[in-house]
Novice: 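Take this structure first; my questions come after.
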Amino acid sequence: MAALEGRYDYKTAEPALQRGWDESGIYRFDPQRAGPHFTVDTPPPTVSGRIHVGHVYSYTHADIMIRYHRMKGEPVFYPFGFDDNGLPTEIFTENSMGIRARDVGRRAFIEACLSLSQQVEGQFERFWKRLGLSVDWRLVYSTIDDRSRRISQAAFLHLLEGDNVYRQESPTLWCTTCQTGVAQADVEDKTGVQSLFTTFPFALDGGGEILIATTRPELLAACVAVFVHPDDARYKDVVGRTARTPIFDQAVPVLADPRADPEKGSGAVMCCTFGDVTDVAWWRDHKLPLRIALTEDGHMNALAGAYQGLTVREARRRVLEDLRDAGLIRSQVAIEHTVGVHERGGHDLEFLVTRQWFVKLLEHKDRWLDAGRRIRWHPEHMRSRYENWIEGLNWDWNISRQRYYGVPFPVWYCRACERIIPAGAAQLPVDPQETPPPVSACPACGGTDFEPDPDVMDTWATSSVTPQICGSLLEPFGITPADFDARFRPMSLRPNAHDIIRTWDFYTVVRSLYATGDIPWTDVLISGHALDPSGKKISKSKLRTAEDPMPMLEQFSADAVRYWASSVRTGGDTNLSEEVFRNGSKLVTKLWNASKFALSHIESGAPAAGVAPDLNASDRWLLARLHEVIRRSTAAMEEYEFAIAKGETERFFWTDLCDNYLELIKLRLYGGATGRNGQAAGAGSGAPGPATDGAAPDGSGARYVLAQALPAVIKLLAPFLPHITDAIYGAGLGGAGPTSVHVAPWPVAPADWDDAAARTGGEAIIQVVDAVRRWKAERKLSVGAPVGSVRVICPPERRAALESARLDLLGVTRAQELLIEDAPAGEALGVAVAPVAGDALASPSR
RNA sequence: GGGCACGUAGCUCAGUUGGUUAGAGCGCUACCUUGACAUGGUAGAGGUCCGGGGUUCGAGUCCCUGCGUGCCCACCA
C-alpha cells in the first residue's frame with residue numbers, strides 16, 4: 001500500500017478528485033447491467049434563481065442516498081436537468097435584461113430567454129460538480145429543449161385522447177401583472193395587507209336599506225347579488241327583495257346562502273363577479289349574471305362607468321371618496337388581513353373569465369390520495385402535506401398561460417366549428433403559431449381556416465413529466481421509452497424540498513397515473529429548509545449576496561459543507577452554521593491523520609487476506625463495535641436517515657477508533673516488549689516479553705483489525721465526504737479491487753464479529769483507561785506520564801478481557817505494573833493507581 | 001379556524017419497542033507540545049427533559065390538557 005504523505009489540502013485535492021471522477025466515468029449509468037437499479041428523478045433547478053444554500057442542502061441529501069445505493073452495487077441512473085421554461089424564466093429574463101416581453105415581441109423575447117438560460121446553466125453545472133454530486137453528466141436535459149418540448153406535448157396529447165384535459169371558458173385566477181391565468185398552486189399568502197373595511201347601504205325596493213361591508217368597493221360595478229345567512233333573523237324579511245347598488249343604481253337580488261357569515265360585518269355581503277372564490281361559487285350555484293368590471297391588466301373597464309381606465313387601487317380610493325361625498329359611509333375600520341397573491345412576484349390576483357386548458361384533478365382525488373399512500377415518504381409525516389393539499393383542492397389544474405416562453409399547446413382550432421385539431425406525433429415538438437396543422441381540412445366541418453392555440457403551458461406541466469424526460473435520455477444508449485417504462489418505472493427516488501410537495505410531487509403523481517397508471521417513483525426524499533444562522537428563513541435579498549454557496553465551498557471545502565448538510569434529521573430545517581462547517585473540516589483532517597497513521601502500520605505487515613491472527617480483547621471489542629456500527633448505519637441508510645448513519649460512524653471513528661483503540665494498540669504496533677522510556681512493558685508480571693493470552697506482541701492482531709476498520713469507516717463515510725474518503729481510499733485501501741471508494745462495496749460485517757461479550761469486555765478495558773487518565777488529570781500530569789502500579793478490582797467475568805489486553809493497558813497507562821484482582825460478588829469495577837517509585841500515596845480514583 | 005412538526009445543557013441537536021445515575025458536538029474551566037493529528041488530547045463544570053394532569057412497579061419516551069415556536073392549508077365580504 002502507498003502511504004499518505006504530509007497534509008491534506010482540500011483546495012487542490014477536491015477539484016483533482018472531481019476531474020478524476022469525470023475522466024474515469026465511475027458515475028456513468030450502464031443500462032445493460034442487471035438490476036435492481038436505483039433511478040433518480042433529479043429536481044431540475046430553475047434557472048430563474050441563484051443557487052443558494054437551500055439547494056446545497058437538499059441536493060447533498062439526495063447525493064448521499066445515491067452514493068449509498070451505488071456502493072450497494074445497484075446500477076445508478078442519476079441524470080440532471082434544468083428548469084428553464086415558463087413564466088419564472090420569463091420574469092427572470094425581464095428583470096435581468098431590463099426588458100418587457102410585450103414590448104420586444106414574441107420571437108425576440110424567446111431568444112433572450114434561451115440565451116440567458118444557457119449562460120446560467122453553465123454556471124450551475126460547474127457549481128454542482130464542485131459540490132461533488134455524483135451525477136452522470138452525459139444525461140442532462142433542460143425543460144425547454146427539443147426533447148422536453150416533444151415529450152411534454154406528447155403527454156398533453158395523451159391527456160387529450162384520454163379526455164383528462166379540457167378547454168373551458170370560466171372564472172380563472174388571473175395575474176393582472178403577468179397578464180396570464182394561473183393555477184391554485186401558484187397562489188401564496190401575503191400577510192399583513194392593510195385594508196379598509198367599509199360599511200355602506202344598498203337601498204331596498206319598496207323602502208328601507210340593507211348595510212353591506214366590503215374591502216373591495218371598486219367592485220361595486222360588478223355586484224350581482226347580496227347574500228345573507230338563511231338563519232339570520234335580521235334579514236328574514238329582506239330575502240327575496242331587490243336592492244339597488246349605490247353610485248351605479250343596479251338592481252340586484254337579496255339571496256340567502258349559508259356561506260354568508262352573520263358574524264362578519266353587517267352579516268350581508270355583496271357578491272361581485274368576482275371578488276373571491278365564494279363569489280365564484282355563488283355565481284355558479286345561483287346562476288347569477290356575469291358583470292365583469294376589470295380588464296386583463298388590472299384596470300376598470302367600461303362597465304365601471306366614470307371609473308373606467310383607473311387601476312383597481314385608484315378606483316377603490318375614488319369609489320370611497322364618492323361614497324363619502326354622498327354621505328353613505330356608515331362605518332369604516334382599518335384592518336390587516338391576508339390575501340392570496342401570485343407567488344412569482346407577489347402580484348395581485350383577480351378572477352376573470354377566460355378560456356384555459358384544465359387537467360382534471362377534482363374528480364380523481366381518491367386516486368391521487370391512494371397513490372400517495374403507495375409511495376414511501378421520507379420522513380413519513382411529509383405525506384400529510386401531500387394529502388392536505390389534495391383534500392383542499394377547489395379547482396382543476398389550469399395549465400395554460402397567456403405568455404410566450406414555454407411549451408406551446410400542440411393544437412389548432414377550426415375557425416368554423418371550433419373543432420380541436422391535435423398535432424401529429426411526427427410533428428413534435430411543434431409551435432402551432434409557426435407550423436400549419438397536420439390536416440388541410442377540418443375533419444368535422446371541412447373548414448380550411450385554422451387558428452393556432454396562442455398559449456404556452458404552465459412550467460409545471462412540463463416538469464411534471466420529468467420521469468418521461470429522464471427515460472428519453474437513454475435513447476442514445478439503445479433504451480426506448482417503452483423499455484425504460486418496463487425496466488425502470490416506477491423510478492426509485494424523487495428528492496426535493498418540502499415547499500414543492502403540492503406542486504412538483506403532486507403534479508408528477510397525477511401525470512404518471514394518467515400516463516402509465518402507476519406511481520412515478522417508490523420513494524420520495526423530502527428536505528427541509530436551510531435557515532440563516534439565527535434560525536430565520538433566508539431572505540431573498542440575502543440569498544443573492546451573503547449566502548452565495550460557491551465561496552462557502554472554497555472556504556470550508558465541499559466535504560465540510562456536505563458534513564453540515566447531512567447533520568440534521570431527514571426532513572428537518574437547519575441553521576447555516578460556520579461552527580458545523582468547521583467540525584466537518586476537523587473530521588476531514590482527523591480522517592487524514594488517522595489514516596496516515598493506520599496505513600503506515602498496515603502496509604508494514606498486513607496479514608494475508610482472510611487469515612485472522614490471534615486477537616486480544618481490545619481487538620475483539622473494536623470489531624464488535626464495528627459490527628454494531630455497520631449494522632446501525634446501514635439500517636439508518638435504508639430508512640433514509642442519513643444523519644443518524646453519519647453520526648454513528650463519526651462517533652465510532654473518533655471515540656472508539658481514534659481516542660481509544662489506536663492508543664491501546666500503539667505499544668504493540670511500535671514493537672511489543674519495549675515501550676517508551678525504555679520501560680519494560682510487560683514488567684507487571686516481572687517477566688518482560690512474551691505474549692499475554694493470545695495477544696500477539698508483534699502487533700499482527702492490531703494490524704489485522706486496523707486493516708478491517710479503516711476501510712470500513714472510509715466506506716461508511718464515503719457518501720457524506722466523497723473527497724477525503726476517496727483520497728484515502730486511493731492510497732491503496734482498495735487493494736486489487738475498485739480504484740475509487742465510490743464504486744467499492746458498502747461494508748458488510750462478518751457475523752462472528754458480533755460478540756456481546758467482547759463489547760462488555762472492551763467496556764471494562766476502557767473503564768480502566770479512563771480511570772487512569774482521570775487520575776493523571778487530577779494531578780495535572782501529562783497523559784504520557786508514567787505511573788507505578790495500576791490495581792484493578794474487577795468482577796470475575798471481566799477479568800479475562802483485562803488479562804487479554806494487559807499489554808495494551810500497560811502501554812496506554814504507562815504503568816510499571818498492572819494488578820488484576822477479583823472483586824467481591826456484586827461489586828463494580830474499581831481502579832487504584834499508585835505513583836512511580838513506590839510512593840505510598842496510592843489513591844483510589846473512583 | 002384546520003393539519004403536520006417541534007419544545008431535552010449557554011448554543012445546535014441525539015435519545016430505539018417505556019427500564020439503573022439523561023447523551024454528543026460547540027462554547028466554558030483546568031491541565032497536557034504524547035512517536036497520526038494543537039484543525040489535537042485528557043479531565044471537569046453545566047439539565048425541575050416547556051407547564052399541568054393521568055396510565056405504570058417505573059415516563060424525556062405512552063395518553064389527556066394547556067402554553068410557546070415553525071411550516072403547510074383555509075379564511076380573505
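Throughout, protein chains are lettered first and strands after them, A, B, ... in sequence-line order, and every chain is numbered starting at 1.
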Novice: For nucleotides B:rA14 and B:rC50, find the distance between their P atoms and express it as a whole number of Å.
Specialist: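 These two P atoms come out 13 Å apart once rounded.
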Novice: Under 4.0 Å, counting only non-hydrogen atoms across every strand here, what does A:Glu639 touch: a base, just sugar-phosphate, or nothing?
Specialist: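 Here A:Glu639 touches no strand at all.
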Novice: For A:Leu587 and B:rG40, what is the distance between atoms CG and P respectively, to the nearest whole Å?
Specialist: 11 Å
Novice: When you check the gap from the basic side-chain N to the acidic O, do A:Glu5 and A:Lys596 get nearer than 4.0 Å?
Specialist: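 The answer is no: the pair does not qualify as a salt bridge.
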Novice: Paired with B:rC71 by Watson-Crick or G-U wobble geometry, both distances under 3.5 Å: which nucleotide is it?
Specialist: B:rG3
Novice: Which value, in whole Å, describes the distance between the P atoms of nucleotides B:rA24 and B:rC6?
Specialist: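 Taking atom P in both B:rA24 and B:rC6, they lie 23 Å apart.
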Novice: Check the pair A:Asp232, A:Val239 against side chain to side chain contact (heavy atoms under 4.5 Å, CB included), reporting the backbone distance first and the verdict last.
Specialist: CA-CA 10 Å; A:Asp232 194 330; A:Val239 175; over 6 Å; no
Novice: Is any NZ, NE, NH1 or NH2 atom of the basic residue among A:Asp348 and A:Arg313 found under 4.0 Å from an Asp or Glu carboxylate oxygen of the other?
Specialist: yes
Novice: Using a cut-off of 4.0 Å on non-hydrogen atoms, how would the nucleic acid contact of A:Ser585 be classed: base, sugar-phosphate, or nothing?
Specialist: base
Novice: Which whole number of Å gives the distance between the C1' atom of B:rG52 and that of B:rC67?
Specialist: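 So the two C1' atoms sit 10 Å from each other.
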Novice: Does OP1 or OP2 of B:rU34 have a side-chain N or O of A:Arg814 closer than 4.0 Å?
Specialist: no
Novice: Compute the centroid of each ring, for A:Phe351 and then for A:Trp395, and state whether the two points are separated by less than 6.0 Å.
Specialist: yes
Novice: Measuring only between side-chain heavy atoms, which start at C-beta, is A:Trp775 closer than 4.5 Å to A:Pro835?
Specialist: yes
Novice: Can A:Asp9 and A:Lys11 be counted as an ion pair, charged N to O under 4.0 angstrom?
Specialist: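 Salt bridge between A:Asp9 and A:Lys11, a charged N being under 4.0 Å from a carboxylate O: no.
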Novice: Starting from the 5' end of RNA chain B, give me the residue, A:Asn583 or A:Thr278, whose nearest nucleotide shows up first.
Specialist: A:Asn583
Novice: Give none if B:rU61 has no partner; otherwise give the nucleotide forming a Watson-Crick or G-U wobble pair with it, both distances under 3.5 Å.
Specialist: none
Novice: For the rings on A:His723 and A:Tyr10, is their centre-to-centre separation under 6.0 Å?
Specialist: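 Centroid distance A:His723-A:Tyr10: not below 6.0 Å, so no.
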Novice: Could you state the atom-to-atom distance from CG of A:Asp499 to P of B:rG70 in whole Å?
Specialist: 18 Å
Novice: Does any nucleotide pair with B:rU34 by Watson-Crick or G-U wobble geometry, both distances under 3.5 Å, and what is it?
Specialist: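 B:rU34 is paired with nothing.
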Novice: Paired with B:rG46: which nucleotide, if any, by Watson-Crick or G-U wobble criteria at under 3.5 Å for both distances?
Specialist: none
Novice: Rounded to whole angstrom, note down the P distance from B:rG60 over to B:rA22.
Specialist: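 Result for the P pair: 10 Å, nearest Å.
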Novice: Measuring only the P atom in each nucleotide, how far is B:rC28 from B:rG15? A whole number of Å is fine.
Specialist: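 27 Å, rounded to whole Å.
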Novice: What's the gap between B:rU42 and B:rU34 when it is taken at their C1' atoms, as a whole Å value?
Specialist: 11 Å
Novice: Looking at B:rG41, B:rC26, B:rC75, which one has an atom nearest to any side-chain atom of A:Lys264?
Specialist: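 Selected nucleotide (nearest to the side chain): B:rC75.
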Novice: By the 4.0 Å heavy-atom rule, please label A:Gly340 as base, sugar-phosphate, or nothing.
Specialist: base
Novice: Centroid separation under 6.0 Å, is that true for the rings of A:His286 and A:Phe227?
Specialist: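 They qualify: ring centres under 6.0 Å apart.
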Novice: Provide the Watson-Crick or G-U wobble partner of B:rG18, both distances under 3.5 Å; none if there is no partner.
Specialist: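 For B:rG18, the partner nucleotide comes out as none, under the 3.5 Å rule.
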Novice: What's touching nucleotides 28-32 of chain B from the protein side, N or O pairs under 3.5 Å?
Specialist:
unit_1 : atom_1 : unit_2   : atom_2 : d
B:rA30 : O2'    : A:Lys780 : NZ     : 2.8
B:rC32 : O2'    : A:Ser782 : OG     : 3.4

Novice: Base, sugar-phosphate, or nothing for A:Trp654, non-hydrogen atoms under 4.0 angstrom?
Specialist: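 Answer is sugar-phosphate: A:Trp654 comes under 4.0 Å of backbone atoms only.
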Novice: What do you reckon, are the aromatic ring centroids of A:Phe556 and A:Trp564 less than 6.0 Å apart?
Specialist: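 No, too far apart.
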Novice: Scan A:Ala594 against the nucleic acid and name what it touches under 4.0 Å (heavy atoms): base, sugar-phosphate only, or nothing.
Specialist: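 Base, at least one base heavy atom under 4.0 Å.
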Novice: Run the ring-centre check on A:Tyr386 versus A:Trp368 and record whether the distance is less than 6.0 Å.
Specialist: no
Novice: Kindly indicate whether the side chain of A:Thr570, heavy atoms from C-beta on, has any atom under 4.5 Å from the side chain of A:His61.
Specialist: no
Novice: Looking for any heavy atom pair under 4.0 Å, which part of the strands does A:Phe197 touch: base, sugar-phosphate only, or nothing?
Specialist: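 Counting heavy atoms under 4.0 Å across all strands, the contact made by A:Phe197 is with sugar-phosphate only.
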Novice: Of the nucleotides B:rA74, B:rU39, B:rC71, which one has an atom closest to the side chain of A:Gln184?
Specialist: B:rA74
Novice: Nearest to the side chain of A:Asn593, heavy atoms from C-beta on, is which of B:rC37, B:rC75, B:rG41?
Specialist: B:rC37
Novice: If you look at every strand shown and take non-hydrogen atoms under 4.0 Å, does A:Lys596 touch a base, only sugar-phosphate, or nothing?
Specialist: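 Contact class for A:Lys596: sugar-phosphate only.
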Novice: Please work out if A:Asp261 contacts a base, only the sugar-phosphate, or nothing of the nucleic acid, heavy-atom cut-off 4.0 Å.
Specialist: base
Novice: For B:rU20 versus B:rG58, give the span between their P atoms, rounded off to a whole number of Å.
Specialist: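 It comes out at 15 Å once rounded to the nearest Å.
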Novice: Scan A:Cys271 against the nucleic acid and name what it touches under 4.0 Å (heavy atoms): base, sugar-phosphate only, or nothing.
Specialist: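 No contact.
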Novice: Can you tell me the Watson-Crick or wobble partner of B:rU55, both distances under 3.5 angstrom?
Specialist: none
Novice: Identify whether the distance between the nearest side-chain nitrogen and carboxylate oxygen of A:Arg216 and A:Glu218 falls below 4.0 Å.
Specialist: yes
Novice: With a 4.0 Å cut-off on N to O distance, would you call A:Glu628 and A:Arg632 a salt bridge?
Specialist: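 Yes, this pair counts.
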Novice: On RNA chain B, nearest-nucleotide positions of A:Arg216 versus A:Ser595: which is more 5'?
Specialist: A:Ser595
Novice: Which base sits across from B:rG25 as a Watson-Crick or G-U pair, both distances under 3.5 Å?
Specialist: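 B:rG25 is paired, partner B:rC11.
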Novice: Using heavy atoms and a sub-4.0 Å distance, could you list which residues of residues 379-390 of chain A are near RNA chain B? By number, please.
Specialist: A:His381, A:Ser384, A:Arg385, A:Asn388, A:Trp389
Novice: Can you tell me how far P in B:rU29 sits from the matching atom in B:rG68, rounded to whole Å?
Specialist: 37 Å
Novice: Which pairs, protein N/O on one side and nucleotides 7-17 of chain B N/O on the other, fall under 3.5 Å?
Specialist:
unit_1 : atom_1 : unit_2   : atom_2 : d
B:rA14 : OP1    : A:Arg569 : NH1    : 2.5

Novice: Between A:Lys586 and A:Tyr563, is NZ or CZ placed under 6.0 angstrom from the six-membered ring centre and within 45° of the ring axis?
Specialist: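 No, a cation-pi geometry is absent between A:Lys586 and A:Tyr563.
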